[in-house]
Amino acid sequence: YVEASIALEERLGHLPADWHLQPIGTLDQHARARRPRVARLETGALLRAIAIVLVVGNHAGAFLIGGGAHVLFAAAGFNMARFQLSSGTWGRSVARVAVPSMLWIGGVAALTEDFDLAHSLLLHGWAGGRGRWAYWFVEVLVQVLVVVAVAMRVPLVARFERGRPFLLPALLLVPALAVRFDLVELGQHHRPFFRPHEIAWIFVLGWMAARARSPWQRAIVSAAAAVAVPGFFQDGLRETVLLVGLLALVWVPSVPVPRVLPRLVAPLASASLYVYLTHVQVHPLLSDRSPVAGLALALVVGVAVWRVAQPLQQRIEGALAARRPTPAAAGSPGTSPPPRDARRVLRR
């Protein structure tokens with residue numbers, strides 16, 4: 001979505017708020033002959049790039065600003081509501097996070113003593129929490145996405161979400177906040193910042209931010225964030241980072257930036273998963289001598305790994321898609337299936 005949104009903005013000269021719901025042909029009719037000097041970058045994409053830099057920089061010691069991973073978690077809920085709930089591509093979406101994570105962590109576990117089988121299976125948080133908690137984010141994200149995907153397979157839940165897109169996450173926020181404020185205890189109160197049921201409210205608030213359409217709905221999300229965030233980490237700076245990220249998702253659809261910036265942000269935002277996976281092993285190579293150099297190396301290596309993994313992932317997905325039977329066309333006369341390579345279409 002990061003690459004698609006940036007390519008569309010370059011093509012159109014602006015980015016419609018509902019670009020992800022419009023056919024490419026419709027968008028192409030609104031292309032401008034001249035692009036403005038200032039580009040508009042989607043807030044979700046910008047937050048992903050900033051948050052991954054905060055995560056790596058904090059771990060490398062370049063600066064001590066926490067909260068980046070939790071902002072990524074809120075952005076994950078935001079994007080899930082925009083894309084997965086409308087497309088229904090749950091299996092592919094979960095696999096794009098789980099498969100590379102399990103492969104990388106499994107390889108690291110085979111070569112070091114810091115990680116074990118529970119890490120590789122993304123179940124470390126539920127297996128006693130032995131060893132390092134370096135990969136808690138992918139564990140939590142995959143587990144929450146699986147739960148939502150299973151719930152959306154229930155016809156009653158799916159119909160309710162389609163009819164009441166804001167109300168469903170608002171209702172889910174109630175039990176999530178009950179756990180956050182210790183009104184309900186689920187298991188041991190261990191590592192509350194890194195366990196799915198303890199931080200589910202962050203994901204749900206991101207979900208609500210994507211579904212908020214009216215000012216009063218945005219006000220509800222903002223008020224809930226203002227109540228839930230303070231005191232959670234017992235760290236004012238970390239809480240400020242998360243609260244600012246949540247409010248930005250609610251109120252700021254896009255940010256005006258110099259036209260060169262999107263092309264710098266896109267690789268970081270798109271490669272955020274691979275940066276997160278690889279930085280644990282990469283930044284220590286330089287961060288002991290220079291934390292800033294460790295940060296830079298981790299970002300470069302993560303983007304490079306993503307560049308290599310992306311075409312391989314596309315080939316695998318294409319091969320799997322080719323094996324699936326094609327359903328009979330059910331659209332109106334004159335319609336055609338969407339292009340398989342949207343990036344190629346956008347660049348024509």
Side-chain angles (χ1 to χ4, degrees), residues 1-22 24 27 35-57 65 67-87 89 93 96-97 137-138 141 145 202-203 205-212 221 241-277 279 299-300 302-303 305-307 309-310 313 342-343 346-347:
Y1 102 87
V2 173
E3 293 180 280
S5 65
I6 290 174
L8 275 172
E9 198 280 336
E10 290 182 346
R11 170 80 173 175
L12 305 181
H14 67 290
L15 191 64
D18 59 347
W19 65 267
H20 58 293
L21 301 177
Q22 296 188 26
I24 290 178
L27 291 169
R35 293 182 300 169
R37 294 182 179 180
V38 176
R40 297 199 69 89
L41 188 61
E42 277 204 322
T43 300
L46 183 60
L47 284 179
R48 279 179 62 165
I50 294 173
I52 196 61
V53 172
L54 291 180
V55 169
V56 179
I65 305 176
H70 292 86
V71 172
L72 280 175
F73 194 48
F78 184 83
N79 290 324
M80 181 278 299
R82 295 181 70 200
F83 298 103
Q84 276 71 54
L85 285 180
S86 58
S87 68
T89 55
S93 299
R96 284 179 173 176
V97 179
F137 175 81
V138 289
L141 179 58
L145 286 177
I202 299 175
F203 185 90
L205 282 174
W207 181 351
M208 291 177 66
R211 292 308 198 204
V221 182
V241 169
L242 176 56
L243 185 58
V244 169
L246 283 167
L247 293 179
L249 289 174
V250 174
W251 295 101
V252 187
S254 61
V255 180
V257 296
R259 184 151 291 281
V260 68
L261 189 60
R263 280 294 147 194
L264 300 177
V265 168
L268 279 180
S270 300
S272 56
L273 172 64
Y274 292 90
V275 173
Y276 183 86
L277 291 173
H279 87 281
L299 296 179
V300 170
V303 172
V305 172
W306 167 71
R307 292 284 189 191
Q310 187 184 40
Q313 171 187 297
R343 292 172 63 193
L346 290 169
R347 288 173 178 171

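Note that this is a predicted model, so its numbers are computed, not measured.
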Which side-chain N or O atoms in residues 245-256 pair as donor and acceptor under 3.5 Å with protein atoms at least two apart or in another chain?
{"unit_1": "W251", "atom_1": "NE1", "unit_2": "S222", "atom_2": "OG", "d": "2.7"}
{"unit_1": "S254", "atom_1": "OG", "unit_2": "R40", "atom_2": "NE", "d": "2.9"}
{"unit_1": "S254", "atom_1": "OG", "unit_2": "R40", "atom_2": "NH2", "d": "3.4"}

Can you check whether R307's main-chain N or O pairs, donor with acceptor, with Y274's side chain at less than 3.5 Å? no

Minimum heavy-atom separation for A269 and A45, please, with both atom names. CB-O, 3.5 Å

Would you say that L27 contacts R11 through its side chain, given a criterion of any heavy-atom pair below 4.5 Å between the two side chains? no

Applying side chain to side chain contact (heavy atoms under 4.5 Å, CB included) to V303 and L299, what does each step give before you reach the verdict? CA-CA 6 Å; V303 172; L299 296 179; 5.5 Å; no

Which pairs, with at least one residue in residues 42-52 and sequence neighbours excluded, count as a salt bridge (charged side-chain N to carboxylate O under 4.0 Å, His left out)? E42-R82

If you apply the rule side chain to side chain contact (heavy atoms under 4.5 Å, CB included), what do you find for W207 with L85, and how did you get there? CA-CA 10 Å; W207 181 351; L85 285 180; 3.5 Å; yes

What residues form a ring-ring contact (aromatic ring centres under 6.0 Å, His included) with F73, not counting sequence neighbours? F203

Quick check: closest heavy atoms across V221 and A212, and the distance to 0.1 Å? CG2-CB, 4.4 Å

Distance in Å, N79 CG paired with S93 OG, rounded so as to fall on 0.5 Å steps: 10.5 Å

How long is the gap from CH2 on W19 to CG on L12, to the nearest 0.5 Å? 11.0 Å

Hey, is the main chain of G67 close enough, under 3.5 Å, to the side chain of H70 for a donor-acceptor pair? no

Answer whether the closest heavy-atom distance between the side chains of Q84 and L145 falls below 4.5 Å. no

Checking salt bridge (Lys or Arg N to Asp or Glu O under 4.0 Å) between R263 and each of E3, E10, E9, which is the one that passes? E10

Minimum heavy-atom separation for A266 to I6, with atom names? CB-CD1, 3.2 Å

All heavy atoms of A69 vs all of F137, minimum pair found to be O-CE1, 3.4 Å

Taken to the nearest 0.5 Å, the spacing of R96 CZ from T89 OG1 works out to 7.0 Å

Which value, rounded to the nearest 0.5 Å, describes the distance between I202 atom CD1 and L72 atom CG? 11.0 Å

Please report the interatomic distance CG(L21) to OG(S87), rounded to the nearest 0.5 Å. 10.5 Å

What closest approach, in Å, do P267 and L264 show between heavy atoms, and which atom pair accounts for it? CD-O, 3.4 Å

Can you name the closest pair of heavy atoms from V265 and A49 and give their distance? CG1-CB, 3.6 Å

